[in-house]
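Notes follow the structure.
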Amino acid sequence: MFGFLKHAVQTTTNQSLLMLTFRFLIRLVVVKKDINENPFVACMMVQSFFEDFMGVISDPVKRNLVGQETVALLGILPHFSTSEPEANPYMQLSVMDPSIELMGIAAVIGQSFRDTSKTFFQQVIALQKDSTWVSWLTKTVTRSARPTLSVDLKDTSLLALCTGLKIGRNFVHAFTHAQSEILVNAPPPTPTPDGDNSSITSEPAIVTPKDTAVVEPSNLFVEFLQYASIVMQHIKDEKPSEHARMSLIILSVITEDHYTTQFMHDFSINYRVQFFRSASRYHPCQILKSAKPEPLACAVLNLISEFIMSHMMLNFPHDLYFRCLLIVYRLMDYQKRTRFRLPYQWRTLWGSLLALLKFLESNESYLMEQMSNFFLLCTQVVNILNIFLIGGDAILSQVGSYDDLCYEIVRNSSMVSSASAMGLRYSSVQSASMQATAKRFLSALTNLRSVVQHFTPKIDAFSLEFQKVTMEREEILNIIRTNYDNLSLKLVDMTECFEKNSNGSKDKPFLTSFVANTILDLRQVYAVSDSVDVFTIGDDSLVQNL
């Protein structure tokens with residue numbers, strides 16, 4: 001049987017037969033809920049289809065027909081357990097050089113993400129058109145159902161992307177360079193003119209219906225970030241929450257890679273990335289887009305900052321927050337090591353970090369019941385701010401940015417004092433582990449306390465001298481600019497604080513679960529169940545075209 005299927009994949013020119021063959025292969029792969037109990041998959045380890053799949057993915061015509069099915073198989077089959085990794089032929093992805101096959105896989109995945117993002121963004125634009133006060137009044141009077149946003153989740157594409165990045169380091173090249181099929185002839189990314197590298201990025205702009213008609217340069221990385229921005233705002237539902245966690249795992253993997261991190265900070269490779277902002281009490285749901293083309297590191301920081309600000313709730317997703325902070329730390333560590341000055345609106349990130357620290361401090365008793373590593377999360381937040389306080393001269397790209405950082409810390413002086421008092425309380429409890437983490441948090445908080453204690457008396461003295469109850473932002477900034485003398489800061493060792501949560505082996509149970517859930521979804525799509533004969537093709541339209 002497998003010999004016939006291989007022959008069909010290799011030689012057939014009949015499009016209907018090719019599509020039927022791949023659908024039949026998927027039915028064989030998902031016939032069992034547990035891939036390791038599937039005898040058909042075991043046979044596919046012996047009689048490998050890997051080269052045949054590569055032949056399909058490198059052929060533009062066949063890729064357009066069965067690219068999604070091929071990517072689904074390449075995402076699932078490497079997860080079949082064998083006695084030795086070399087015994088799984090689909091692990092050859094790990095040793096493939098950057099080639100047309102890898103670029104083909106990346107193009108299919110990118111197109112899948114693009115389709116979801118485009119459909120979702122169209123829903124958001126339609127919702128914005130329908131959100132005028134006249135429309136609201138009409139629906140309120142008539143009690144019409146309010147439209148909701150739905151996300152077409154791409155299990156197989158996300159799984160294939162994560163699998164490719166984890167087992168094949170050369171897939172990183174495809175990840176950063178491959179364009180989705182529709183954008184193959186699109187203009188290249190926008191280079192930054194010489195001398196404009198220090199031009200700071202402006203706040204993302206709200207996308208209008210006119211903007212959605214403009215086709216921007218793109219690649220798989222851009223399409224992934226746009227898709228991630230959607231699923232990361234829908235974590236109240238279980239399935240999107242899994243996709244959000246998988247997206248953060250992928251971002252963790254790529255920020256580990258020096259080449260990809262360097263690519264994200266390349267001034268000559270700039271993109272305008274759209275991302276979704278969910279509705280809040282201050283604004284409706286929106287699509288935001290970079291005001292001008294910028295390095296992809298700016299888009300990653302925008303994505304993380306938006307997630308941090310929008311998910312501070314009592315049902316706190318602390319595991320996702322640990323992921324976010326690790327990603328930010330790795331980007332900042334790269335910038336510190338290479339003395340790279342990213343032209344970014346750092347106040348966006350600082351504001352989200354300080355808001356997160358305030359949320360943690362205000363809800364300490366409740367959150368401690370949910371998470372055993374509460375102070376570790378607090379310490380990570382503070383240590384990212386410490387990177388700027390200690391190494392700001394090597395990172396910050398614009399004059400006055402360091403003043404803005406000190407201003408934000410002084411503005412949150414009451415929160416810093418409350419966080420310090422919280423650390424002191426728990427540094428003397430009976431639990432040895434709690435004591436240790438609380439003391440490390442207090443040690444990390446030293447620099448923030450020093451900034452508050454150094455500038456607050458000078459601001460109070462100015463206010464008293466000129467009898468000002470409230471002071472303007474510029475007045476406070478002027479005091480900060482002229483009073484850096486004798487500000488004492490200490491070096492902080494923060495490597496261990498982050499690397500504790502960077503071990504990729506902790507992801508294995510989740511990835512196993514994600515593979516199982518992907519198989520269950522494919523069983524539904526292809527009507528496979530324990531009571532249905534897997535050898536029933538069940539697609540009359542394709543059979544008639546044979």
Side-chain angles (χ1 to χ4, degrees), residues 112-113 116-117 119-121 123-124 127 147-159 161-162 223-255 273-288 299-328 348-349 352-353 355-357 359-360 363 366-367 369-371 373-374 376-377 380-381 501 506-507 509-518 520-521:
S112 174
F113 290 150
T116 292
S117 301
T119 303
F120 184 84
F121 289 159
Q123 293 179 54
V124 176
L127 198 60
T148 56
L149 299 172
S150 60
V151 186
D152 180 17
L153 299 173
K154 301 296 184 182
D155 304 69
T156 54
S157 297
L158 206 58
L159 178 61
L161 176 57
C162 185
E223 303 297 352
F224 165 72
L225 289 175
Q226 294 181 162
Y227 177 82
S229 77
I230 296 170
V231 297
M232 286 172 65
Q233 294 297 326
H234 290 81
I235 65 168
K236 291 183 180 179
D237 299 322
E238 182 179 357
K239 196 168 177 59
S241 177
E242 291 178 354
H243 281 240
R245 184 173 178 184
M246 181 66 94
S247 299
L248 289 173
I249 288 174
I250 291 171
L251 282 173
S252 299
V253 171
I254 64 175
T255 51
V273 181
Q274 298 184 36
F275 61 95
F276 174 63
R277 172 184 281 176
S278 60
S280 73
R281 68 178 68 178
Y282 305 109
H283 57 75
C285 60
Q286 298 169 337
I287 307 169
L288 302 182
V300 174
L301 290 170
N302 280 334
L303 177 70
I304 298 298
S305 298
E306 186 64 31
F307 179 84
I308 290 174
M309 287 299 293
S310 57
H311 291 88
M312 287 182 279
M313 49 194 178
L314 292 181
N315 186 18
F316 189 63
H318 54 88
D319 56 331
L320 300 184
Y321 272 85
F322 274 118
R323 291 277 177 194
C324 289
L325 295 177
L326 177 62
I327 292 163
V328 173
T348 304
L349 179 64
S352 63
L353 292 172
L356 175 58
L357 187 59
F359 171 80
L360 294 171
N363 298 278
Y366 184 83
L367 292 174
E369 296 176 2
Q370 293 186 34
M371 47 193 294
N373 46 7
F374 173 82
L376 178 60
L377 185 63
Q380 289 187 357
V381 174
N501 284 279
K506 294 181 179 179
D507 299 331
F510 172 75
L511 290 176
T512 302
S513 171
F514 196 90
V515 172
N517 291 336
T518 302
L520 288 175
D521 289 339

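For the atom pair I304 CD1 and I327 CD1, the distance stands at 4.5 Å (nearest 0.5 Å). Separation of atoms NE2 (H318) and CG (L367) is listed at 9.0 Å; rounding is to 0.5 Å. Taken from CD1 in I249 to CG in L320, the straight-line distance is 9.5 Å, to the nearest 0.5 Å. Distance OG/S352 to CG/L357: 11.5 Å, rounded to 0.5 Å. To the nearest 0.5 Å, the span separating CG on L325 from CG on L356 amounts to 6.5 Å. Atoms CD and CZ, on E306 and R277 in that order, are 4.5 Å from each other to the nearest 0.5 Å.
For the side-chain hydrogen bond (donor to acceptor under 3.5 Å, both in side chains) test, no residue two or more places apart in sequence or in another chain qualifies with K236. Partners of S157 by side-chain hydrogen bond (donor to acceptor under 3.5 Å, both in side chains), not counting sequence neighbours, listed by chain and number: S112.
In this structure, the side chains of T119 and Q123 come closer than 4.5 Å at one or more pairs of heavy atoms. A heavy-atom distance below 4.5 Å is found between the side chains of I235 and M313.
The closest side-chain donor-acceptor pair between Q233 and S278 falls under 3.5 angstrom. H243 and Y227 share a donor-acceptor pair across their side chains, judged by distance under 3.5 Å alone.
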Item to complete: Evaluate the side chain to side chain contact (heavy atoms under 4.5 Å, CB included) criterion for residues D521 and L153: first the C-alpha distance (whole Å), next the side-chain angles of each, then the deciding distance (0.1 Å), finally the verdict.
Response: CA-CA 11 Å; D521 289 339; L153 299 173; over 6 Å; no

Worksheet entry | Test log, rule side chain to side chain contact (heavy atoms under 4.5 Å, CB included), inputs I230 and S117 | CA-CA 8 Å; I230 296 170; S117 301; 4.0 Å; yes

Discussion item. For a side chain to side chain contact (heavy atoms under 4.5 Å, CB included) check, start with the C-alpha distance between I250 and L158, then their side-chain angles and the critical distance, and finish with the verdict.
Written reply: CA-CA 9 Å; I250 291 171; L158 206 58; 3.8 Å; yes

Worksheet item: Can F316 and Y366 be said to form a ring pair (Phe, Tyr, Trp, His ring centres under 6.0 Å), step by step?
Response: CA-CA 10 Å; F316 189 63; Y366 184 83; over 10 Å; no

Item to complete: Any chance you could lay out the side chain to side chain contact (heavy atoms under 4.5 Å, CB included) test for L511 and M246, step after step, and finish with the verdict?
Response: CA-CA 8 Å; L511 290 176; M246 181 66 94; 3.5 Å; yes

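Across all their heavy atoms, P317 and H311 have their closest contact at CD-O, 3.7 Å. The nearest pair of heavy atoms linking S305 to T348 is CB-CG2, 3.9 Å. Among all heavy-atom pairs drawn from N517 and E242, the shortest one is ND2-OE2, 3.1 Å.
The aromatic rings of F510 and F514 sit tilted relative to each other, their planes meeting at an angle between 30° and 60°. Taking the six-membered ring where tryptophan is involved, the planes of F113 and F224 are tilted, since the angle between them lies from 30° to 60°.
The ring pair (Phe, Tyr, Trp, His ring centres under 6.0 Å) with F276 is formed by just one residue from the set F120, F307, F121; it is F120.
Side-chain N or O atoms of T116 include one that pairs as donor or acceptor with a backbone N or O of D152 at under 3.5 Å. The closest donor-acceptor contact from the side chain of Q370 to the backbone of L314 lies under 3.5 Å.
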